[in-house]
2 protein chains.
Amino acid sequence: MKIGELSKATGTNIETIRYYERIGLLPAPLRTNANYRSYGDAHRTRLSFVRHSRDLGFTIEEIRSLLDLSDHPDRDCGDADRIASAHLEQVEAKIDQLSALRDELTRIVGRCRGGLAGDCRVIEALGDHGQCSRAH
Amino acid sequence: MKIGELSKATGTNIETIRYYERIGLLPAPLRTNANYRSYGDAHRTRLSFVRHSRDLGFTIEEIRSLLDLSDHPDRDCGDADRIASAHLEQVEAKIDQLSALRDELTRIVGRCRGGLAGDCRVIEALGDHGQCSRAH
DNA sequence: TATGCACCCTGTAGCAACTACAGGGTCAAG
DNA sequence: CTTGACCCTGTAGTTGCTACAGGGTGCATA
């Protein structure tokens, strides 16, 4: 299959596919006589793995490690679990942080009563961290 | 005050202060004879506003608009409210998205029973989006 | 007076993970 | 034989910084 078809099959931008190849995340495929990339099912599977992992927020380097494990079924899978667990912790931390932001923003936004910028509580609150109800 | 003092006073990296000046977020300060930047209270206030807004996740462009309003107290503050409200919505959307990720990751991580990568449910789940319980 | 050290300057390059061209080649249909 | 959709490489842009390299300044100490 050509790159455009792989792109549609996996929902990945063509430029992104070439980018993944350039950074060594996807193996370089065979080429046709016209120098077009020619992909097989293994490529599609691997790219789906990458996209799914990216959608779940794993970094490229994490995915590299996960792919490496996936390429070596005889290895211990503890690493995969550690990577995923660490990532889960990061996601949870990010959720906590964003929740604090949401609370602060809600408080700030709720104070706007319209009128002139000179009297705006939103702008005032942004200038004065001391008004915040908790750390963020 | 010199750039190092402003840096300490606001908890902002020196390079970041110079960066903000370069992109026009902070006005260029006066210079000493030795060509050192010399800041006053107005700079410190403005930089605090910027840092606080960044901490709350506003983009540089949003901050530019907020600063512009802050510089023109006679304008209507509806824009400030709209920027903050839109940002709040984005934060809430991001929280929802991350919560879905957390659920999916929890499900995936929970399935690892140790052993070989070839049998690893984590790696299997990453390769197969169809196993996901909901959109993410 | 010399010299060390902390601080400051400019300009450029790097990070993540893409995305967007510019400038060209290939191929099938009409 | 030309039009249009597709493909190629290579480079530069995005966001918000951060990290040098290679130099100048200013103050205290030997």
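Within every chain, numbering begins at 1; the chains are lettered A, B, ... in the order of the sequence lines, protein sequences first and strands thereafter.
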Worksheet item: Starting at the 5' end of DNA chain C and moving along, which residue's nearest nucleotide shows up first, Phe58(A) or Tyr39(B)?
Response: Tyr39(B)
Worksheet entry | Atom pair distance, as rounded to whole Å: CG in Leu56(B) and P in dG16(D) | 14 Å
Discussion item. Strictly below 4.0 Å: does Arg64(A) bring a side-chain N or O up to OP1 or OP2 of dA16(C)?
Written reply: no
Worksheet item: Would you call Asp71(A)-Arg46(A) a salt bridge at under 4.0 Å N-O?
Response: yes
Item to complete: Whole angstrom is fine here: how far is it from CG in Asn35(A) over to P in dC6(D)?
Response: 19 Å
Worksheet item: Are Phe49(A) and Leu25(A) co-members of a hydrophobic cluster defined by side-chain heavy atoms under 4.5 Å apart?
Response: yes
Discussion item. Whether Arg37(A) contacts dC7(D) is assessed here as follows: a side-chain N or O lying under 4.0 Å from the phosphate OP1 or OP2. Is that the case?
Written reply: no
Worksheet item: Whole-Å distance between dC7(C) P and Leu6(B) CG?
Response: 15 Å
Response to the item:
Side-chain contact check for Arg31(A): nearest option of dG16(D), dT9(D), dT10(C) is dT9(D)
Discussion item. Test your reading of the model: is there a side-chain donor-acceptor pair from Thr12(A) to the backbone of Lys8(A), 3.5 Å cut-off?
Written reply: no
Worksheet item: Contacts to DNA chain C from residues 11-23 of chain B, heavy-atom cutoff under 4.0 Å, which residues?
Response: Ile14(B), Arg18(B)
Discussion item. Whole angstroms only, please: what is the CD1-C1' distance between Ile60(B) and dT14(D)?
Written reply: 13 Å
Worksheet item: Can we say Arg18(A) and Glu15(A) salt-bridge, meaning some charged N sits less than 4.0 Å from an Asp/Glu carboxylate O?
Response: yes
Worksheet item: To the nearest angstrom, how far is Arg51(B) atom CZ from dG16(D) atom P?
Response: 11 Å
Worksheet item: Expressed in angstrom and rounded to an integer, what is the separation of Ile63(B) atom CD1 from dT15(D) atom C1'?
Response: 12 Å
Discussion item. Please give me the minimum heavy-atom distance between Ile14(A) and Gly4(A), naming the atom from each residue.
Written reply: CD1-CA, 4.0 Å
Response to the item:
Checking dC18(C), dC8(C), dC8(D) against the side chain of Arg54(A) (C-beta onward), the nearest is dC18(C)
Worksheet item: Could you run down nucleotides 23-30 of chain C 5' to 3' and tag each one B, S or - for protein heavy-atom contact under 4.0 Å?
Response: --BBS---
Discussion item. Rounded to whole Å, how long is the line connecting atom CD of Glu5(B) with atom C1' of dC7(C)?
Written reply: 11 Å
Item to complete: Find the distance His87(A):NE2 to dA16(C):C1' and express it as a whole number of Å.
Response: 14 Å
Fill in: Pairwise side-chain contact, Glu21(A) with Ile17(A), heavy-atom cut-off 4.5 Å (strictly under)
no
Item to complete: Run the salt-bridge test on Arg121(B) and Asp128(B) with the 4.0 Å N-O cut-off and return the result as yes or no.
Response: no
Fill in: Carboxylate-amine/guanidinium proximity below 4.0 Å for Lys2(A) and Glu5(A)
no
Discussion item. Any non-hydrogen side-chain atom of Thr106(A) less than 4.5 Å from a side-chain atom of Arg102(A)?
Written reply: yes
